[in-house]
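Since this is a predicted model, take the numbers as computed values, not measurements.
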Amino acid sequence: MRCVTVATCQLNQWALDFGGNKSRILESIQHAKSSGAQYRLGPELEICGYGCNDHFLEADTFEHSLEVLRDLLEDDICQDIICDVGMPYVYNGVRYNCRVLFYNKRILLIRPKLFLAMDGNYREGRWFSRWMHRRTQVTATLPQILREATGGQTSAPFGDVYISLLDTSIAVETCEELFTPNSPHIEQSLNGVEIFTNGSGSHHELRKLDTRLQLVMSATQKVGGVYLYANQQGCDGERVYYDGCAMIVLNGKVLAQASQFSLRDVEVITATVDLDSVVTYRASIMSRSAQAAETVLCPRIDVDVGITDRFGLCTPSQPARIHSPAEEIALGPACWLWDYLRRTGLTGYFLPLSGGIDSTATACIVASMCRLVFNAAREGNDTVLADLRRITGNGDDYVPESAQEIAHKVFHTAYLGTVNSSAETRARSAAIAAEIGAYHIDLDIDAGVQAITSIFTTCTGHHPQFKALGGSHQEDIALQNIQARLRMLLSYLFAQLLPWTRGVTGRGGLLVLGSANVDEALRGYLTKYDCSAADVNPIGGISKTDLRMFIGYCMTSFNFPSLGGILAAPPTAELQPLVDGANAQTDEDDMGMTYDELSIYGRLRKISKCGPVGMFRTLAQQWHHLSLAEVLLYVASGACWFLFNFESSDTRHPITHLQCGGTRATHVRSWQNRSRYACRCGPQVGTKVKFFFRMYAINRHKTTVLTPAYHAENYTPDDNRFDLRPFLYNATWQWQFDSIDREIVQRQALPRTAPMPPKL
């Protein structure tokens, strides 16, 4: 047997917090050594923090990173264990994203990143160059600060090489390199490397973890070996949340997996493996052996250090753990909010709570944060408890009795009603605030609305009216916007002074929470500088569909029964006059499209890279989100015909013997769950696509002032870094819309025949 214990970790690093980052690195190394590990892997750029962004262009960042590396080299904790840390490094005047491996005050290897992440939120190519010389090693002269720390080492290997120890070999990957088609570990495995490491800086997106898990597991399932994955965890100063899930995998099977969401600043996992099992696994795949025998040899560095033992209790495999999307929403944004609150030094959060789905979902996320904080404090997390005592102003002996107690201290909500607000939303707002434990106030803001309107009337002599009362559309929108923007002003007023009214002084005010979802931001269905203008927005990257699912989850998991009424109510802004005491305004009517449609448009626009014509062509074939009523509308109009495959046993919305433009569609079932159909669309689809792009174009300017939002969805329109597009469009889209119109004419000229659907 060749048993070795290896450790990987996830750290809650903070950009440019060099002292705090160093402390967390040392703590992780201490944990690894205490568990008997001979090798410790850390996250990408852990010394300075991954999210430094344009600070990577500053010499200070590199200088301070070298200072931390010096301290690590000299610290007794870092002796007698191979340490693998991530940091920026300059070689020949070029900035690289590097791994630095050292052992007993000697730098074994500086390994630059071969492939940089340059999509979505990632812009590594703005700050770093990738190492272009595959399978090449050069010698890097060490700066004076490292020569002194190593006791006179003047140079270190630099490049794409692996380390050959006395009893095994180790190769390094960094984050994006695992996602590339020809990952470095493939070639290195054919060179006999047995241990692969990947220090990563990978952020959370809903439903993303499964992809990451499959990549890590399949890496060694195909080539054999031990794969260590490290990641950052937490908010390091940006919109993203790094979701940890460090893991150790052997021959495709998970041996250890850390939490995806946690309030722990340092989490270390270890596993003991028998490296002879790697040899046996590989030898059983004859085609792999044939390829290894003829592979191109990779350069290596020989190190006279052994890390294995003849005896050891090997770690058994375990099933991989993946949260449901509802759990991800409950945990990810909640951890992000806690990091944000404790690192700003303020006293809590303020939320305008309307009693609708969006603001209620935001409140439930804060409730989840309070539950996580309470559980961490109860489990003895000293860091969380110290942060809570500082935030609440309680003494060193304070221990919370419940999550509701924490919420009452740090979470403030307000129902900002007007004459247009219904009794139902007012009651729902108070009910959910009480269930959470929030400090809740209820007030009417009509006096402020009237004061602002009277200023305009006094100045111009004109008195605007709602459309329902005889006014124009322009007047109606202006009056709605007055209410919305006044709520933003009052939110900041109450956020600044509510702590003072409760006897809390000298510790700052509250952070204002926004609650506009990703679909409304995409459509532009929000008032610029209304309650969507806040300090942070935990749901700004989450779709309305997912938020409804999350509300249902909270109703049972958090025991919030009042959420049932919120789920049953149609979304409404409540900015227009009531009719017979009831709301006549709904969001979907105002938008001219459903939230489900918006999710489809958003994914096609961003993920599928569709312009207007591309979206029209795609939806002409895949209009799978339509309701039965819309199906009947299109069929009755004779504008389109459909050919279905029937692969679902779901019998919702059955349609039998329906005539469609002369073609009989028999036993059409499961409209929403069918797998494929062909469609010749009439003008309805083109009209929908053109309407969406017009609304998107005229409202795109609003994305320039969107509140920093938790990044959870890969079609968010956030133009800070994720979705780089103009904010001034030619909203007529004349050329594109003309192309759609021509194609509609061509489609209508097609023969009105189609193959009969298969019999059930």
Does atom [atom1] of [X] have more than 12 heavy-atom neighbours from other groups under 6.0 Å away?
X      : atom1 : answer
Leu724 : CG    : yes
Glu405 : CD    : yes
Tyr529 : OH    : no
Lys467 : NZ    : no

Write down the atom of [X], the atom of [Y], and the distance for their closest heavy-atom approach.
X      : Y      : value
Met549 : Ala326 : CE-N, 3.8 Å
Leu206 : Pro325 : CD2-O, 3.9 Å
Phe350 : Ala495 : CB-CB, 3.9 Å
Asp358 : Leu547 : OD1-CD1, 3.5 Å
Gly51  : Asp236 : N-OD2, 2.7 Å
Asp476 : Ala468 : OD2-N, 4.4 Å

Exercise for the section: List the steps and the verdict of side-chain hydrogen bond (donor to acceptor under 3.5 Å, both in side chains) for Thr687 and Gln684. Expected result: CA-CA 5 Å; Thr687 298; Gln684 291 93 338; over 6 Å; no

Just by distance, do the side chain of [X] and the backbone of [Y] share a donor-acceptor pair under 3.5 Å?
X      : Y      : value
Glu475 : Ser472 : yes
Glu588 : Tyr595 : yes
Trp338 : Val373 : no
Ser608 : Cys610 : no
Ser429 : Arg426 : no

Indicate whether the side chain of [X] and that of [Y] have a donor and an acceptor atom separated by less than 3.5 Å.
X      : Y      : value
Thr716 : Asp718 : no
Thr545 : Asp596 : yes
Asp519 : Tyr715 : yes
Gln450 : Thr453 : no

Listed partners of [X] passing ring pair (Phe, Tyr, Trp, His ring centres under 6.0 Å), at least two apart:
X      : result
His408 : Tyr439
Phe560 : Phe558
Phe466 : none

Residues passing the side-chain hydrogen bond (donor to acceptor under 3.5 Å, both in side chains) test with Ser491, sequence neighbours excluded, are none

Residues passing the side-chain hydrogen bond (donor to acceptor under 3.5 Å, both in side chains) test with Ser739, sequence neighbours excluded, are Arg742

Open item on the list: Could you walk me through whether Leu522 and Val518 satisfy the side chain to side chain contact (heavy atoms under 4.5 Å, CB included) test, starting with their C-alpha distance in whole Å, then the side-chain angles of each, then the deciding distance to 0.1 Å, before giving a yes or no?
Closed with: CA-CA 6 Å; Leu522 174 68; Val518 68; 5.7 Å; no

Practice problem: Tell me, with the steps shown, if Tyr415 and His440 meet side chain to side chain contact (heavy atoms under 4.5 Å, CB included). | Solution: CA-CA 8 Å; Tyr415 184 82; His440 184 69; 4.2 Å; yes

Would Asn517 and Tyr525 count as a side-chain hydrogen bond (donor to acceptor under 3.5 Å, both in side chains) here? Give the steps.
CA-CA 10 Å; Asn517 63 65; Tyr525 184 65; over 6 Å; no

- Stepwise side chain to side chain contact (heavy atoms under 4.5 Å, CB included) test for Trp14 and Asp339: CA-CA 10 Å; Trp14 192 5; Asp339 277 346; over 6 Å; no

Think Lys688 forms a cation-pi with Tyr601, using NZ or CZ under 6.0 Å from the six-ring centre and within 45 degrees of its axis? no

Does some side-chain heavy atom of [Y] sit less than 4.5 Å from a side-chain heavy atom of [X]?
X      : Y      : value
Thr732 : Phe737 : no
Leu490 : Ile445 : yes
Leu443 : Leu416 : yes
Ile436 : Val366 : no
Phe692 : Leu598 : yes

When Met591, Arg700, Arg523 are each screened for side chain to side chain contact (heavy atoms under 4.5 Å, CB included) with Met695, the one that passes is Arg523

N/O donor to acceptor pairs below 3.5 angstrom from side-chain atoms of residues 704-713, sequence neighbours left out:
{"residue": "Thr704", "atom": "OG1", "partner": "His701", "partner atom": "O", "Å": "2.6"}
{"residue": "Thr707", "atom": "OG1", "partner": "Ser532", "partner atom": "O", "Å": "2.5"}
{"residue": "Thr707", "atom": "OG1", "partner": "Ala534", "partner atom": "N", "Å": "2.7"}
{"residue": "Thr707", "atom": "OG1", "partner": "Ala534", "partner atom": "O", "Å": "3.4"}
{"residue": "Tyr710", "atom": "OH", "partner": "His204", "partner atom": "ND1", "Å": "2.6"}
{"residue": "His711", "atom": "ND1", "partner": "Asn121", "partner atom": "ND2", "Å": "3.4"}
{"residue": "His711", "atom": "NE2", "partner": "Asn121", "partner atom": "ND2", "Å": "3.2"}
{"residue": "His711", "atom": "NE2", "partner": "Glu205", "partner atom": "OE2", "Å": "2.8"}
{"residue": "Glu713", "atom": "OE1", "partner": "Arg603", "partner atom": "NH2", "Å": "3.4"}

Q: Would you please indicate if the ring centroids of Tyr696 and Tyr729 are separated by under 6.0 Å?
A: yes

Test salt bridge (charged side-chain N to carboxylate O under 4.0 Å, His left out) applied to Glu424 and Arg428, step by step:
CA-CA 6 Å; Glu424 291 79 9; Arg428 291 198 296 264; over 6 Å; no

Between Tyr122 and His203, what is the ring plane arrangement, given parallel below 30°, perpendicular above 60°, and tilted in between?
-> tilted

